[in-house]
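The chains referred to below are lettered A, B, ... by the order of the sequence lines, with proteins before strands, and numbering in each begins at 1.
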There are 2 protein chains.
Amino acid sequence: MPRSQTTKKPTRIQREKTQAILEAALDVFSDFGFRGSTIDMIAARAGLSKPNILYYFDNKEAIHKTLLAELLQTWLDPLHQIDEAGDPIEEICGYVAQKLKMAREFPRESKLFANEILQGAPHILPEIEGELKELTSLKAKVVKSWITAGKLADIDPYHLFFSIWATTQHYADFDIQVRSVLGDGSDPFDTAGPFLDKMYRTMLRP
Amino acid sequence: MPRSQTTKKPTRIQREKTQAILEAALDVFSDFGFRGSTIDMIAARAGLSKPNILYYFDNKEAIHKTLLAELLQTWLDPLHQIDEAGDPIEEICGYVAQKLKMAREFPRESKLFANEILQGAPHILPEIEGELKELTSLKAKVVKSWITAGKLADIDPYHLFFSIWATTQHYADFDIQVRSVLGDGSDPFDTAGPFLDKMYRTMLRP
DNA sequence: ATATTTTTTGACTATATGGTCAAGTATTGT
DNA sequence: ACAATACTTGACCATATAGTCAAAAAATAT
């Protein structure tokens, strides 16, 4: 029985099935949120039976938690990469570009995160209050030091990060609104990048 | 039987109970989304029984639709108020301030909207593709004319609106993340206003 | 080829959920 | 005061949902 298996090397079938389940679950959870999704939906999307899903994962929440854990492993990468030794405006604008790229390439992950936050972050609040807060605090200090050195405009580092998160994740989370309002079938990300780059460069110039 | 009543003048009890139900439903739907909420939750929050809820509204979806309809009545007000005859930067920054004020005063409505959009806007897509799209198109033309007249920096009006929506609604929708990251118990809206004002003024300066 | 282990799933259980109903209570109208 | 209407809800129903189980099928090891 492979559920909660932690010691044996996973079999070929286990590797394949858990990936298929997680892939299907990401689709479903990103659209409907944790509470709004059912194991039957995930099973249907994965092309498996419900008991088969539960053969690989203890329960619905275990699937969700696995997805969130995977998400959190890479969610903070771009923020980690801000380099105090780098050029401030290039570092920040590079961060913006990275975040937008993540929104573009991993829209379901972004929506998974948004759904989780909207419901009060019941499953990831420790990580929000821990790793994210500490990392953001660390990078805010870096930004502050750049400002003090006269290399950046005098702005609030925390709100800078909030705005960057908002303006990049928005293209994934509010995708249907963005595309509907544009209405011309164009890919919003094509023009979002230059727009955001310009906005932040202009604002950050000391 | 007052359900679906459209002609008689509502009684005192009807007015009181429908308001109590909608107030409770807004709490629940904004936290859990439509699919993640139950009539029992709404009933508990309203201090009523489930059959009593269903005495006033046909079904769960009717409650949700009523809330969305109420939301949409005021959601676009700030955008309507952008005046082509006004000072461009003041008009845009006034709009930003209005949107932030709405996020601050009506966070549950903002989250209701976000939940709806995240799930593909199943109930309000007609309004998104209709009124919102047309109004945004109209105001984008206004912004375009200001740019052409040399009164605003040359930026993409649509992405300007997307950014304004993102950076203002973020404080309501991602409230728990914002407050956790700040971690000092301060009200993020206090410092968000000046930050956003400065960011947009700087960026919009021609 | 056979034994062992893993995987699969139809049938099932317990609980949750949306919604109904009839009868009692409360409110309103006369 | 009484009649009529509105309101309330415990009990209930039908379906949905999370999850279990035992047996059969498939895969793997020998």
Measure the distance from [atom1] on [X] to [atom2] on [N] and round it to the nearest whole Å.
{"X": "Phe57(A)", "N": "dA18(D)", "atom1": "CZ", "atom2": "C1'", "value": "16 Å"}
{"X": "Arg12(A)", "N": "dA27(D)", "atom1": "CZ", "atom2": "C1'", "value": "8 Å"}
{"X": "Leu54(B)", "N": "dA11(D)", "atom1": "CG", "atom2": "C1'", "value": "15 Å"}
{"X": "Asp58(A)", "N": "dT20(D)", "atom1": "CG", "atom2": "P", "value": "8 Å"}
{"X": "Phe29(A)", "N": "dA18(D)", "atom1": "CZ", "atom2": "P", "value": "9 Å"}
{"X": "Ile13(A)", "N": "dA29(D)", "atom1": "CD1", "atom2": "P", "value": "11 Å"}

Should Asp190(A) and Arg104(A) count as an ion pair when the cut-off is N to O under 4.0 Å? yes

Lys/Arg N to Asp/Glu carboxylate O, Arg201(B) vs Glu90(B), below 4.0 Å: yes

Where along residues 32-42 of chain A does a heavy atom fall under 4.0 Å from DNA chain C? none

side-chain contact (heavy atoms from CB on, under 4.5 Å) involving Ala192(A) - partner list, sequence neighbours excluded: Leu100(A), Tyr171(A), His159(B)

Please check if any side-chain donor atom of Ser186(B) sits under 3.5 Å from a side-chain acceptor atom of Asp184(B), or the reverse. yes

Please state whether the phosphate of dC7(D), meaning OP1 or OP2, lies under 4.0 angstrom from any side-chain nitrogen or oxygen of Thr11(B). yes

side-chain N/O Gln14(A) vs dT6(C) OP1/OP2, d < 4.0 Å: no

All pairs passing salt bridge (charged side-chain N to carboxylate O under 4.0 Å, His left out) where residues 18-29 of chain B contributes a residue, at least two apart: Glu23(B)-Arg108(B), Asp27(B)-Arg45(B), Asp27(B)-Arg108(B)

Tell whether Lys60(B) reaches the base of dG19(C) with its side chain through a donor-acceptor pair below 3.5 angstrom. no

Under 6.0 Å from the six-membered ring centre of Phe161(B) and within 45° of its axis: does the NZ or CZ of Lys139(B) meet both? no

